[in-house]
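Here is the structure we will look at.
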Amino acid sequence: MVTGELVSQSIVNGLLLGGIYAVAALGLSLVFGIMDIVNLAHGHMLMVGAYVAILLFAATGITPLLGMFLAIGLLFALGIVLQKVLLKHVVGEGIEQPIIVLFGLALILQNIGQLVLGGDARTADLGIPGSGIDLGFVFLSLPRTVTFVVAVLLIVSTWAFLQYTRTGQAIRATAQNRTAAKHMGIDTDRIYVITLGIGTALAGAAGALLSMLFPIDPYIGWSYLLKAFAVVVLGGVGSILGTLVGGVVLGVSENLGALYLGGGYRNVVSLLIFLGVLLLKPEGLFGSGGDGE
Amino acid sequence: MSLLQRHPEQSLLRNRRLQGIVAAAVVVLALVPLTTTDSLTGLILTGLVFVMLGVSWNLLAGYAGQISLGHAAFFGMGAYVAAWLTTPGAAGFPAAIQLPILVAVVVGGLAAALIALVIGPVIFRLSGHYFAIGTLALAAVIELVMLDQRSLTGGSTGYYVQGDLSVGGILSHGDVMFFLTLVATVATIAVTYRIIEGSGGLAMQAIHDDEAAASSLGVNPLKYKMYAFVVSSFFAGVAGALYGHYTLYINPASTLAVTWTIDALVVVILGGMGTFAGPVLGAGLFLLLDTGLAAIVGSVATTIEGTLIILFIIFLPQGLYGLAEDYLITDVADSEDPPSDTVSGDEAVDTEPGVTPDEE
């Protein structure tokens, strides 16, 4: 029986989950908007980030909230190596080559995940599932609330970085016009390296946050890639605020879909919303349009 | 890159020596079930399925330039529709609709083609990255919905498919399925070859090279993308139907999962994207890797496959075909192709669409 309380609880849970989706999507969106490649391995990088946090927690008891910084560091490094070693050969060569290279990378990451960790789902298991604040109408679970706040902080930090630092300004200039930026003395190759680093680091951060809420297995990559891309499409490529709104919309609609149609349809709902928006308004519901190209 | 440079093998397939080699290869393959063990027959059948997947995906991606990441959906739907028709009881359908395997396989392919026909006009509103991700999402939706429809699919446990095509004590069911798959593979290659050789193939390549330019020259992009998509989906569906009826077992994970998309992609990349013989060579190498590597390095095989895709696409974008062309085919080629024009490797700079006078 679907009660009003269940509905409001689903909405709140979805909203809180949406923050993490937005973090994952922001990484994908930055890389897409600036380098014009879709990181097909983004979901798999999220999986790696989650496992970094889980393994660190299992070995030392360090909370994934701190483990997240390790995940960010490792994935930033992975992004830099990826750009410097592989993608520099194929970026700007049309869409086929980057897509296939990243597809191959996704395959590798998934296989490594399987080998190292086995196929079973794992979670950081903080042992505080019951704690939270009961507001009467809804229950604010502590892990969900904390991860949401951290997610928003990550998004604000990224925004501030892009807005106020010289590197951030150079990144935005490159996004607007690659050639002009180059002529103005911006080292666009370096910008690409940094952008991919930040994009993959955000995937790692999102993974670490998710590991506190859900079981993680080596096969979640494709599913989270699609979720992140759905948010990008909902929010519009390059729009940070749109990404946050898109993440929340996706989280809420998934939860409501699961409530009304059954748990098996959680992902179907988000995929259908995604395909619908993609087909009707590919520049995004909140997209400015101009940044997508 | 000009069309003729990318397809120097077109005239080669008219070469008598090459025709002989192809005919001999088919005869040798036809002897496989009669002379080898069941497991080897099954292995080579899987290789033929890879060829069908690779050749069909290559038509859409390599020639028409539409990087679909949803090929598995058509493979899986072909497999399921055929299974419903040979084994209606398991999915709750009346026994009256039961059909022989051969018919069910064709209907499975047609069903996959029909799905492509219906969703094509919608999904082709997307292009480039959006098309790739859109097809990935579409395949994921189909997989999730099928997984949830337990009565139709048996849920994650799947169900056993009926079928016994064994001939007396001479040929087992698997042997007969092998012959069917061989015939279907030859048909896939022949039909795809005809399309690529014909004006449709030229139109697809023109769309691939520059859709706007092709459109301005009077090529209807949607029409030819649909052509490639529907034909490609038909053969993927037939491949799925054959595979399901060879293994006699079907579930969403084994037929609809992204794995089959990955396989198609690996086969084509290893062989050489947008080359005709590429997927056939690629399927051979992939089969060796998949079984050989698995025996030697165990579960690291997938990592090595992923690494090979990356290395091939960066350093050997023409794949095995490119290698073979450099070392073997220049030797077979007659004077039709000036050798200076057929040097592979680097993409030629000539992107002018005005090469049409050279077409036959």
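For clarity, every value in this text was computed on a predicted model and none was experimentally measured. A, B, ... follow the sequence lines: proteins, then strands. Residue 1 opens every chain.
With a threshold of 4.5 angstrom between heavy atoms, B:V258 approaches chain A through side-chain atoms but not through N, CA, C or O. The part of B:A132 that comes within reach of chain A is its side chain, from C-beta onward, which places non-hydrogen atoms under 4.5 angstrom from that chain. In this structure, chain A has heavy atoms under 4.5 Å from both the backbone and the side chain of B:I133. Looking at A:I100, the atoms closer than 4.5 Å to chain B (heavy atoms on both sides) sit in the backbone and in the side chain alike. Looking at B:Q66, neither its backbone nor its side chain comes within 4.5 Å of chain A, counting heavy atoms on both sides. Contacts of B:I262 with chain A are made by both backbone and side-chain atoms, with heavy-atom separations under 4.5 Å.
In this structure, A:E96 and B:H208 have side chains that are in contact, with non-hydrogen atoms separated by less than 4.5 Å. B:I310 places a side-chain heavy atom less than 4.5 Å from the side chain of A:I108. Using a 4.5 Å heavy-atom cutoff, the side chains of A:Y265 and B:V145 are in contact. A:L225 has its side chain within reach of B:L136: a pair of non-hydrogen atoms, C-beta onward, lies under 4.5 Å apart. Within the 4.5 Å cutoff, the side chain of B:L69 has heavy atoms near those of the A:L40 side chain.
Distance check: B:Y130 OH to A:F229 CZ gives 5.5 Å after rounding to the nearest 0.5 Å. Expressed to the nearest 0.5 Å, how far OG1 of B:T261 lies from CZ of A:F103 amounts to 6.5 Å.
Annotation: maximal heavy-atom pairing with chain B below 4.5 Å, among A:L86, A:L105, A:I99, occurs at A:L86. Note: B:I313 leads B:I313, B:L144, B:I309 in heavy-atom pairs under 4.5 Å with chain A. Looking only at heavy-atom pairs under 4.5 Å with chain B, the residue among A:L272, A:L109, A:L226 that has the most is A:L226.
Heavy-atom minimum distance, A:L271 versus B:A140: CD1-CB, 3.7 Å.
Side-chain N or O atoms of B:H129 include one that pairs as donor or acceptor with a backbone N or O of A:D36 at under 3.5 Å.
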